[in-house]
Structure formats: C-alpha cells, structure tokens
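Counting starts at 1 for both ligands and their atoms, following the listed order.
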Amino acid sequence: MIEEIVGRSEVRDILFRALDGERLSAEDGIRLFQSDDLPAIGAVANEIRRRLNGDRTYYVVNRHINYTDICCNRCAFCAFSRSEDDRDAYVMPVDEIVDRAAELYDAMRFTELHIVGGCHPKMPFEYYTSMLESLKSSFPEVHLQAFTAVEIAHIADTAGISIRQTLARLRDAGLGSIPGGGAEVFAPRVRRQLCPEKLSAEKWLDVMREAHMLGIKSNATMLYGHIETDRERVEHILALRELQDSTGGFMSFIPLKFHPSNTRVDNKLRLQSAIDDLKVYSISRLMLDNVPHVKVFWIMLGIKLAQVALSFGADDFDGTVVEEKITHRAGAATPEGLAVPQIKALIEETGTVPIERDTLYNEVVRDEVGLPALLKR
Ligand code: V47
Ligand code: SF4
C-alpha cells in the first residue's frame, strides 16, 4: 500500500531511501519542502513514526510557569516579552512560583514543571537556584524542565561564570532537563533580522552540547512560518541532527508554528497553510533519523491540526500545560490548558493509544486515586 503511494510520487527516490532507513541529505530535504506531494511524504513519515513509536502517542501531565516577561533580547517575533519599565511587566518572586505550582498539584499530580522566562537584566544567580531548590523541596517527585539554552547562556553571562559551571550548579539545585526553546532558525540571516540580540546558533548548540555532556537531556525546537527559506529550515534540522550524532541528548524535536499577532513581524511574508505545517512535521520526522520523538505543541498548532500531525510524523501531544503566555500573547486561539481526559480522548480519536509519560519518556502508571504510582522503564 505505502509502496504504491510512494511509487507514484515525484519524490519517490527520496521516499524509498527513507523507507530503506537511509539518511537524507540537505538537497533531499529541500526537494521534499518544494514538492506538493504531501500525502506521500506524510505516509512515509507516519510509517517511520510507527517503526519508532508504534501506535503510541505520548502525553505528559505538566504545568508551565513563565516566571518573568522582562527580557533584554526583545526578539521581533515575540509578543510575550516586556521591558523593565513597561507597566504590565512582571517578575514572580520565588514564593509566588511555589504557590502557583501548589495551586493545582493536589488535583493534577503533575510530573513536570516547565519553567521558562525572559532574559532579565538584573536577577542574581541565587534567584534561579533558589527557585529550583524551593520547588524541589516542595515537590520532590516533580521533574523540573527549566530555562532554555538562551536563558542558561544569559544566566551564565550575568553571573560571570562558565556555561558548564552554570549548568552544574543549576543541576545541583534541582534542574532535571532543558526545554527546546530559543533555537528559532539557526541561519544568521534570520537571526540578524528577527533576533539580533539573541545568542548565536553556535552558542545555542554549545549550551546543549555542554548540557548533554553533563547528562542533562533536552529538547530542540524550530520556530517556522516567518521569513525563513526551505534551505534555512533544512540546515537548521541538519545542525540538530549533527549534534545529536555526537551527544544523543535530544529527547524530542518540536516545530513551533509562528503566531504573528502583537509582534513586529509582517504576517503576510509567508503563507501559513496547514499543508506547510504538516510538511514541517513530516519532513522533520524523515530528516531527524536519530531523534526518538517529534512533539506537537497543540497550543501552537491548534487542537484539530495537532491530531492530524499525529499521522504525519508526530508521536507526542505535549501535555496539560495549564497556563501559557508566549503564544497566547501572540494571538493563539487554543485554550491555555487541557485536562487529561480531554487529551486522552483527542489521542484516541486519531486511532493511536495515549500513553502518559514523564519528562524522560518513562511510562507513568497511576493508582486508583490518580497518584503516579509506578514508572515503567
Ligand atoms: O523560544 C516566541 C517561541 C519558544 C513566538 O521543550 C513563539 O518541550 C510562536 O520553546 N509564535 C518558547 N512561537 C516555547 C518553547 C517550548 C514550548 C513547548 C514545549 C517545549 C519543550 C518548548 O516560543 C521561544 C520561541 O521560539 N515563540 N514567540 C510566537 N509569536
Ligand atoms: Fe526574550 Fe525569548 Fe521573547 Fe526573545 S523569544 S524576546 S529571548 S522571551
């Protein structure tokens, strides 16, 4: 059946090689983006997703906390960040962060806190370590996935210590893993135009390399749908594949769909069609042969299209989230959170099997009162 679909495709040479387990090149990736044969590309991505993850679709019971929106980078695509003197800018004191986490802990028993914020110009190193230590002492079972590579580099710079020391001290304070944000698109052309103050691609990759070498796992992202070209997308994906070859530290790849409202990026620059979204998911799955999971962040893609993406390479639906500011300030129409029964039903509707995972992709089994009782390895 799949051979029939692929056999008729204008990109059949590439798709047959992908089915044979061969690694695709940059030129292959660009041809896939330029092809209109999404059905065939998607079918092969789905086949590879099934070989890697069967009919399992993962989700995590988590809560996002954005501890500050003050950021010295002020990227053009970001509607979330504020300057220190903006009237609605905020920084959460550590006590408030712990209170936020406590609000729903008894009801949800989340296994992960996902903590990211802006690059605050003045917060001392102790703010970050005391945040992690306080959360860990209040919720010892909860995995703290915190601070993008951008924040880590900024925290290191502000404290005047190396990336490695920063990571080691954050890990000792309770850091479990690093989220994938801040990668954007690695091409210097894109960074110059959209985020000139943000750390370079090389530095982002260096932070991840150091983290992986210390045994700290991470995710990786690509912000797509703005000014980037097909080649720049493919080169971004291949830079991640190259680092993954040497460290193996990326758990998942998450394409992030750009939302233009309240940003300084002209939203007419690139047509953001669902077809383009599904191409990004499928082609990422095909190119990243060494990254185990492709995650669909339903908040950004929309719930219905996120369900479809599960047949176009993605095998992870992210999680309950609860509170989300980065995409909602940029015009996201999705809810800020979903309850576990909703997530399970949405996954089941796609004909796949919902599996609760923890951050590190161990399966979570809950007892009759909903407590995470067992982690299957
Ligand atoms: O780094 C900023 C992106 C990222 C916009 O690791 C925007 O599991 C869309 O990285 N439209 C932060 N995106 C979020 C992030 C993330 C989310 C979910 C899961 C994980 C994970 C990571 O959001 C930023 C930036 O790339 N972003 N502005 C915007 N207007
Ligand atoms: Fe700051 Fe991140 Fe927003 Fe850029 S995307 S302005 S680094 S919060």
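Between the side chains of Y67 and E151, a donor-acceptor pair is found at a separation under 3.5 Å. Counted by atom type alone, S282 and R49 present zero donor-acceptor pairs between their side chains at under 3.5 Å. Between the side chains of D316 and S252, no donor-acceptor pair is found at a separation under 3.5 Å.
Ring-plane geometry between H236 and F253 is classed as tilted, the angle between the planes lying from 30 to 60 degrees on a 0 to 90 degree scale. Between H293 and Y361, the ring planes are parallel. Angles under 30° get that label, and only those over 60° would be called perpendicular. Between W298 and F317, the ring planes are parallel. Angles under 30° get that label, and only those over 60° would be called perpendicular. Using a 30° and 60° split on the angle between ring planes, H212 and F250 fall in the perpendicular class, above 60°.
In terms of hydrophobic clustering, with Ile, Leu, Val, Met, Phe, Trp and Tyr side chains grouped at heavy-atom distances under 4.5 Å, V60 and L113 are assigned to different clusters.
Around atom 4 (Fe) of ligand 2, the protein contributes the following N, O or S atoms at distances under 2.8 Å: C75 SG.
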What short N/O contacts, under 3.5 Å, does ligand 1 make with the protein, listed by atom pair and distance?
| unit_1 | atom_1 | unit_2 | atom_2 | d |
| --- | --- | --- | --- | --- |
| ligand 1 | 1 (O) | G182 | N | 2.8 |
| ligand 1 | 1 (O) | E184 | OE2 | 3.4 |
| ligand 1 | 6 (O) | G180 | N | 2.7 |
| ligand 1 | 6 (O) | N219 | ND2 | 3.1 |
| ligand 1 | 8 (O) | N219 | ND2 | 3.0 |
| ligand 1 | 8 (O) | K295 | NZ | 2.7 |
| ligand 1 | 10 (O) | G181 | N | 3.3 |
| ligand 1 | 11 (N) | H259 | N | 2.9 |
| ligand 1 | 26 (O) | E184 | OE1 | 2.5 |
| ligand 1 | 26 (O) | E184 | OE2 | 3.4 |
| ligand 1 | 28 (N) | F77 | O | 3.4 |
| ligand 1 | 30 (N) | F77 | O | 2.8 |
| ligand 1 | 30 (N) | H259 | O | 2.8 |

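By the 6.0 Å and 45° rule, R233 stacks over the aromatic ring of F33.
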